[in-house]
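Scroll down for the structure; my scribbles are underneath it.
Please read all numbers here as calculations on a predicted model, not as lab measurements. Every chain is numbered from 1 and lettered A, B, ... according to where its sequence line falls, protein lines coming before strand lines. Hydrogens, waters and symmetry mates play no part in the numbers below; they use all other heavy atoms, side chains included.
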2 protein chains.
Amino acid sequence: MIRMNKLTDYGVVLLTTFAREPAHGISARELSARTGIPQPTVVKLLKTLLKAGLLVSQRGTKGGYALAKLPAEVPVSAVIEALEGPLAITECSVPGMCEHERRCVARPNWAAVNDVIHEALSKLTLAEMTRPAQAHPPRPAPLLPSIDSPPRSIAP
Amino acid sequence: MIRMNKLTDYGVVLLTTFAREPAHGISARELSARTGIPQPTVVKLLKTLLKAGLLVSQRGTKGGYALAKLPAEVPVSAVIEALEGPLAITECSVPGMCEHERRCVARPNWAAVNDVIHEALSKLTLAEMTRPAQAHPPRPAPLLPSIDSPPRSIAP
DNA sequence: AAATACAGTACTGACGTAGTCCTAATTGAA
DNA sequence: TTCAATTAGGACTACGTCAGTACTGTATTT
């Protein structure tokens with residue numbers, strides 16, 4: 001499984017929560033209550049997203065966080081990059097990360113794959129994440145029956 | 001960074017090595033020498049790839065491994081799935097992995113992204129990995145200067 | 001002044017990855 | 001027939017990252 005961190009997944013959920021009512025500020029406490037993500041973890045994520053410029057903050061009693069931009073202006077790729085660094089499936093997308101990059105025959109092919117992934121995630125914005133979604137990229141996912149198990153991608 | 005395992009990266013390198021001369025069998029020892037990947041690690045990977053049906057094996061003195069199919073018939077996605085399981089950036093691609101999947105508003109969007117990634121990696125075959133590559137998907141990667149550091153994606 | 005909420009940093013435990021090691025089983029060649 | 005090379009199949013371990021926690025400080029509102 002090529003996967004995102006749990007925290008990155010949480011981060012997208014948090015920002016999607018903001019995107020549903022972009023005008024309001026929301027406190028970490030409130031976000032934790034709405035998403036089910038533990039408050040300390042929410043706090044930690046918000047700090048990172050703040051530093052990345054995706055959020056603005058307000059201290060004090062009536063304080064909280066809010067989106068720094070309109071939901072339609074924030075691609076999911078920006079969220080992932082804020083929380084995980086460069087968006088790619090191989091480290092060689094960052095020059096200097098691999099000692100073999102100069103003679104590696106695989107590298108140009110990985111770069112192409114990385115581009116495809118990056119493009120897909122750049123086109124998807126927070127505004128689109130707030131909708132039940134049906135109509136952007138390819139075909140819809142098959143909706144199979146399910147059993148319950150560990151938490152991931154919590155609904156806001 | 002959304003990334004593959006180091007081992008998966010190695011796996012692709014190993015299979016690409018086979019793809020360059022599909023007719024021959026190659027021993028684990030030989031593969032280690034050619035790729036620079038430690039022999040125990042090579043052995044471990046080959047076992048997994050064998051079980052997945054990507055390789056065939058021959059025991060004994062003149063033994064070794066060979067591709068089970070033509071390089072053009074093996075998509076990179078199959079290699080990744082053999083070594084990492086289902087190919088997706090979120091766990092919710094596997095029904096039952098997430099307790100919130102039924103009410104998660106993000107899920108259909110993730111599914112769409114997963115599809116894009118899966119498609120890109122399905123189109124890329126081992127045959128194409130053996131070529132210096134220039135002409136499939138999008139634009140070529142920028143070739144910037146580099147400094148040396150940890151090993152990844154070793155050239156066969 | 002007190003309560004609320006953000007800011008920043010340091011720490012800890014758990015888990016998965018990467019890598020190693022050991023003991024069969026099989027085959028080809030001397 | 002014996003030996004050497006090679007795969008088969010595990011169990012095991014060290015390490016690093018991730019996820020989560022704790023603590024202290026600063027700002028703002030009432």
Rounded off to whole Å, could you give me the [atom1]-to-[atom2] distance for the [X] and [N] pair?
{"X": "Gln39(B)", "N": "dT20(C)", "atom1": "CD", "atom2": "C1'", "answer": "12 Å"}
{"X": "Ile37(B)", "N": "dT20(C)", "atom1": "CD1", "atom2": "P", "answer": "12 Å"}
{"X": "Lys6(A)", "N": "dA14(C)", "atom1": "NZ", "atom2": "P", "answer": "14 Å"}
{"X": "Leu45(A)", "N": "dG8(C)", "atom1": "CG", "atom2": "C1'", "answer": "15 Å"}
{"X": "Leu83(B)", "N": "dA18(C)", "atom1": "CG", "atom2": "P", "answer": "10 Å"}
{"X": "Asn5(B)", "N": "dG16(D)", "atom1": "CG", "atom2": "C1'", "answer": "13 Å"}
{"X": "Leu14(B)", "N": "dA18(C)", "atom1": "CG", "atom2": "P", "answer": "13 Å"}
{"X": "Leu7(B)", "N": "dG19(C)", "atom1": "CG", "atom2": "C1'", "answer": "8 Å"}

pair [X]-[Y]: side-chain heavy atoms closer than 4.5 Å:
{"X": "Thr125(B)", "Y": "Val76(B)", "value": "no"}
{"X": "Asp9(A)", "Y": "Val13(A)", "value": "yes"}
{"X": "Met129(A)", "Y": "Leu15(A)", "value": "no"}
{"X": "Leu124(B)", "Y": "Val113(A)", "value": "yes"}

| Which part of the nucleic acid, if any, lies within reach of Leu50(B) when heavy atoms closer than 4.0 Å are counted: base, sugar-phosphate only, or nothing? |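 Leu50(B): backbone/sugar contact only, no base atoms under 4.0 Å.
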
Looking only at non-hydrogen atoms, find the nearest pair between [X] and [Y] and report the distance.
{"X": "Val116(B)", "Y": "Ala120(A)", "answer": "CG1-CB, 3.5 Å"}
{"X": "Gly53(B)", "Y": "Ala68(B)", "answer": "O-CB, 3.3 Å"}
{"X": "Asn114(A)", "Y": "Thr90(A)", "answer": "ND2-OG1, 3.4 Å"}

| query | So does Lys51(A) get a side-chain nitrogen or oxygen closer than 4.0 Å to the phosphate oxygens (OP1/OP2) of dA7(C)? | reply |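 No, no such contact exists.
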
| Does anything in residues 26-33 of chain B reach DNA chain D, meaning a heavy atom under 4.0 Å, and if so which residues? |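 Within residues 26-33 of chain B, the residues near DNA chain D are Ser27(B), Ala28(B), Arg29(B).
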
| request: Using a cut-off of strictly less than 4.0 Å between a heavy atom of the residue and any atom of DNA chain D, enumerate the qualifying residues of residues 54-65 of chain A by number. | output: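 Contacting residues: Gln58(A), Arg59(A), Gly60(A), Thr61(A).
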
| message | Closest approach to the side chain of Lys47(B), judged atom by atom: which nucleotide of dG20(D), dG8(C), dA8(D) is it? | response | dA8(D)

| said: By nearest atom, which of the nucleotides dT20(C), dT17(C), dA19(D) is closest to the Lys44(A) side chain? | reply: dA19(D)

| query | Applying the 4.5 Å side-chain criterion to the ILVMFWY set and letting contacts propagate, would Leu14(A) and Val43(A) be lumped into a single cluster? | reply | no

| query | What side chain to side chain donor-acceptor pair (under 3.5 Å) pairs are there with at least one residue in residues 66-83 of chain B, not counting sequence neighbours? | reply |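 Counting only pairs at least two positions apart or across chains, the side chain to side chain donor-acceptor pair (under 3.5 Å) contacts touching residues 66-83 of chain B are Ser77(B)-Ser122(B), Glu81(B)-His118(B).
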
